[in-house]
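Just so it is clear: chains get the letters A, B, ... in the order the sequence lines come, proteins before strands, and each one is counted from 1.
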Amino acid sequence: MLTLKYITENTPEVITRLAKKNFRADEIIAQVVELDKQRKQTQTAADNALSQSNALSKEIGMLFKQGKTEEANAVKEKTVELKEAIRELTEKQTSLELQLNDLLVQIPNLPHDSVPAGKHAEDNVIERSGGVMPQLPEGALPHWELAKKYDLIDFELGVKISGAGFPVYKGNGARLQRALINFFLDQAREAGYLEVQPPYVVNAASGYGTGQLPDKEGQMYHATVDDLYLIPTAEVPVTNIYRDVILNENELPIKNTAYSACFRREAGSYGKDVRGLNRLHQFDKVEIVQIQHPEKSYESLTEMVSYVQTLVEKLELPWRILRLCGGDMSFTSALTFDFEVWSAAQERWLEVSSVSNFESYQANRLKCRFKGNDKKTQLCHTLNGSALALPRIVAALLENNQTPEGIKIPAALVPYTGFDVIS
RNA sequence: GGAAAGUUGCCAGAGUGGUCGAAUGGGACGGUCUCGAAAACCGUUGUACGGGUAACUGUACCGAGGGUUCGAAUCCCUCACUUUCCGCCA
């Protein structure tokens, strides 16, 4: 969430910038400013009352020690009223703080100046693109047909075991998954990321830390008996490593990478958008996360985008990078670049990565701070990106590389798969 | 799953009702000494919010939440977690 300080000190600017995210902020911001004013007044009053009470208590202690019991009891009388006042004031203060927090979590992150205006995905700006569009042979098949033809993925079997959206990968299909995961992790390590293996279920505090809770509660699977949530992305456990942490400035940037299975309930979509591998309840992804100094976070964002570009290039997929417009960006992001690869048989672009700078928005909830060389403590900036999500990469690989002889595996991946063609 | 013991600052660890934001030791940082280093000595070393231009100052925080009391790190209750032993187990 945004910091109270920033909102109260830059109120008009906050409202203007949020308009780019198509968020009408004037009312809620006015409420925040008003509540904050009340909060400050209440705290001052409460602190004064507590201060008096502390002084009286000390006095009573001294009097008892000196054996002046009667005088002590007289002072005790005075505390009765004060106690009541303290109770009321602190209750009011707590209530105001809760109200403020409720409002703050409803305010999205401020978009970066470079974010284009717009409402929908069509308003996103193509940043750059590359790769060669494949010429498919006669009778080219979409990936779900290819998966069946070569016995790589069994969607029906997944339905039997779990339900729709839980495919079973078999044989070379399973080996391709494993190859991609290892390839992505090795690449990330070479790019300076520390590999971590996080838990796949998290507690509610972690869900709040990265912003899945409370707003996106319905998107996560919830194991209610133990009150744990299945992670929708490794971003959640990995970023939460740094919850309630004060780092040293010279530890920055922190660069972590993690593979995890990801679980998403994703209710409400149907049709060709969700055919085959396009949208799943369980999928594999390698994630990259950075914790960075505020002055350098946009350098890191550029670096992460370039890094993801090298991955799609090594996989020889036609790709493009979109700068998301205000209306298509996530609630928590300040600037997001999406990667899409061309799915030749479906003849559509598939989103395979989303790389974002959250600035201090996420760090504020996480309480992820660093102590600078000037001894001041301030919030870090957090960034993350998929590098990459597997299913749509697999879809594009299968479709784009189909030939009469079988499906060709890109050269960079062959050392990982152990085969160069699926036939 | 059963039993017991714990949870205090960067770390170790003392503190069982008042002057305790908290002894002591270690670490880190700064200084003295030194050609330099070590040793020794001296000093500094939490977070959040409020007031103040500032120096500074008020309040809260000793796992979390509640209670008792004029006053709680300290007493009581609930919960979470950790460790050890037993059971079960990849």
Side-chain angles (χ1 to χ4, degrees), chain A residues 1-9 32-105 197-209 213 222-229 237 240-252 254 261 360 363-380:
Chain A
M1 53 189 170
L2 299 175
T3 61
L4 249 183
K5 197 169 146 68
Y6 196 87
I7 293 175
T8 52
E9 286 175 5
V32 166
V33 171
E34 174 56 30
L35 280 174
D36 187 46
K37 216 168 97 190
Q38 288 182 38
R39 178 192 128 256
K40 284 181 181 172
Q41 285 170 0
T42 311
Q43 187 183 335
T44 303
D47 280 0
N48 286 339
L50 279 164
S51 179
Q52 276 182 53
S53 164
N54 287 344
L56 289 177
S57 291
K58 253 178 208 174
E59 199 183 329
I60 292 167
M62 302 248 266
L63 290 171
F64 271 124
K65 207 163 256 180
Q66 293 163 15
K68 300 176 180 168
T69 317
E70 267 179 42
E71 282 177 53
N73 283 328
V75 179
K76 264 197 205 182
E77 302 279 307
K78 285 200 263 179
T79 65
V80 177
E81 236 175 279
L82 198 54
K83 268 184 87 174
E84 182 57 24
I86 288 171
R87 202 182 56 80
E88 275 173 27
L89 284 167
T90 49
E91 258 173 34
K92 188 175 172 195
Q93 196 184 336
T94 310
S95 149
L96 285 168
E97 279 165 7
L98 285 175
Q99 287 176 57
L100 258 176
N101 195 62
D102 279 350
L103 292 180
L104 286 175
V105 299
Q197 261 196 36
Y200 290 2
V201 293
V202 295
N203 55 30
S206 294
Y208 280 101
L213 295 175
H222 187 192
T224 51
V225 175
D226 298 296
D227 198 21
L228 293 169
Y229 296 85
N240 271 284
I241 294 173
Y242 305 98
R243 170 156 50 88
D244 290 320
V245 166
I246 298 178
L247 296 156
N248 221 305
E249 181 167 352
N250 54 29
E251 290 177 80
L252 302 175
I254 283 177
S360 61
N364 189 32
R365 266 214 228 180
L366 283 167
K367 301 240 181 320
C368 173
R369 292 159 291 178
F370 72 96
K371 185 162 280 197
N373 299 326
D374 57 359
K375 308 264 185 200
K376 286 238 175 79
T377 303
Q378 57 175 312
L379 292 169
C380 299

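- Taking a cutoff of 4.0 Å between a charged side-chain nitrogen and a carboxylate oxygen, A:Glu91 and A:Arg87 qualify as a salt bridge.
- Atom pair A:Gln52:CD and B:rG58:C1' shows a separation of 12 Å (rounding to whole Å applied).
- Contact annotation: A:Thr44 does not reach the phosphate of B:rG58 (side-chain N/O to OP1 or OP2, under 4.0 Å).
- Within 4.0 Å (heavy atoms only), A:Lys40 reaches sugar-phosphate atoms of the nucleic acid but no base atom.
- The C1' atoms of B:rA72 and B:rC77 are separated by 15 Å, rounded to the nearest whole Å.
- For the residue pair A:Gln378 / A:Lys376, no side-chain donor-acceptor distance below 3.5 Å is found, with atom types taken as modelled.
- Along RNA chain B, the nucleotide closest to A:Lys371 and the one closest to A:Ile60 are compared, and the more 5′ of them pairs with A:Lys371.
- For the pair A:Arg87 CZ and B:rU68 P, the computed distance is 11 Å after rounding to whole Å.
- Phosphate contact (OP1/OP2 of B:rG50, side-chain N/O of A:Arg39, threshold under 4.0 Å): present.
- Around the CD atom of A:Gln66, the shell of radius 6.0 Å holds more than 12 heavy atoms that belong to other residues, nucleotides or ligands.
- Here A:Ser53 lies out of heavy-atom contact (under 4.0 Å) with every strand.
- Nearest to the side chain of A:Ile246, among B:rG71, B:rG51, B:rU47, sits B:rU47.
- Nucleotides B:rG71 and B:rG17 are separated by 8 Å at their C1' atoms, to the nearest Å.
- B:rC88 sits 15 Å from B:rG1 when the P atoms are compared, rounded to a whole Å.
- Nucleic acid contact class of A:Ser57 (heavy atoms, under 4.0 Å, all strands): base.
- For the C1' atom pair drawn from B:rU24 and B:rG18, the interatomic distance equals 23 Å after rounding to whole Å.
- No donor-acceptor pair under 3.5 Å is formed between the side chain of A:Asp36 and the backbone N or O of A:Val32.
- Across all strands, A:Asn48 comes closer than 4.0 Å to no nucleic acid atom at all (heavy-atom distances).
- Rounded to whole angstrom, the span from the CG atom of A:Leu82 across to the P atom of B:rU59 amounts to 12 Å.
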Self-check item: Strand RNA chain B in bracket notation, Watson-Crick/G-U under 3.5 Å with | for pairs to another chain
Solution: ((((((((.[[[..)..(.....]]]((((((.......))))))((((((....)))))).[[[[[..)....]]]]])))))))....
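- Here the separation of B:rG9 from B:rU47, taken at their P atoms, is 14 Å to the nearest Å.
- As rounded to the nearest Å, B:rC10 and B:rC85 have C1' atoms that lie 32 Å from one another.
- Side-chain atoms of A:Thr94 come within 3.5 Å of backbone atoms of A:Thr90 as a donor-acceptor pair (strictly under, hydrogens ignored).
- Both A:Lys58 and A:Asp36 sit near RNA chain B, but only A:Lys58 has its closest nucleotide nearer the 5' end.
- Of the listed nucleotides (B:rA60, B:rU47, B:rC49), B:rA60 has the atom at the smallest distance from the side chain of A:Asn54.
- Separating the P atom of B:rA5 from that of B:rU59 is a span of 38 Å, rounded to the nearest Å.
- Looking only at distances, no side-chain donor or acceptor of A:Ser51 sits under 3.5 Å from a matching main-chain atom of A:Asp47.
- When distances run from any side-chain atom of A:Ser51 to the nucleotides B:rU59, B:rG46, B:rC49, the shortest one goes to B:rU59.
- Rounded to whole angstrom, the span from the NZ atom of A:Lys78 across to the C1' atom of B:rG71 amounts to 15 Å.
- Distance, A:Asn248 CG to B:rG27 C1': 14 Å, rounded to whole Å.
- Straight-line distance from the CG atom of A:Asp227 to the C1' atom of B:rC81: 15 Å, rounded to whole Å.
- Atoms NZ (A:Lys376) and P (B:rU47) sit 12 Å apart, rounded to a whole Å.
- Between the side chain of A:Ser360 and the backbone N or O of A:Ala363 there is no donor-acceptor pair closer than 3.5 Å.
- When the P atom of B:rC61 is taken as reference, atom CD of A:Gln43 falls 13 Å away, rounded to whole Å.
- Across all strands, A:Leu50 comes closer than 4.0 Å only to sugar-phosphate atoms, never to a base (heavy-atom distances).
- Between B:rA60 and B:rG65, the two P atoms lie 15 Å apart (nearest whole Å).
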Self-check item: side chain to side chain contact (heavy atoms under 4.5 Å, CB included) assessment of A:Phe64 paired with A:Thr69
Solution: CA-CA 6 Å; A:Phe64 271 124; A:Thr69 317; 3.8 Å; yes
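- Using a 4.0 Å heavy-atom criterion, one finds that A:Lys5 contacts no nucleic acid atom at all.
- Considering only residues two or more places apart in sequence or on other chains, A:Tyr242 meets the ring pair (Phe, Tyr, Trp, His ring centres under 6.0 Å) condition with none of them.
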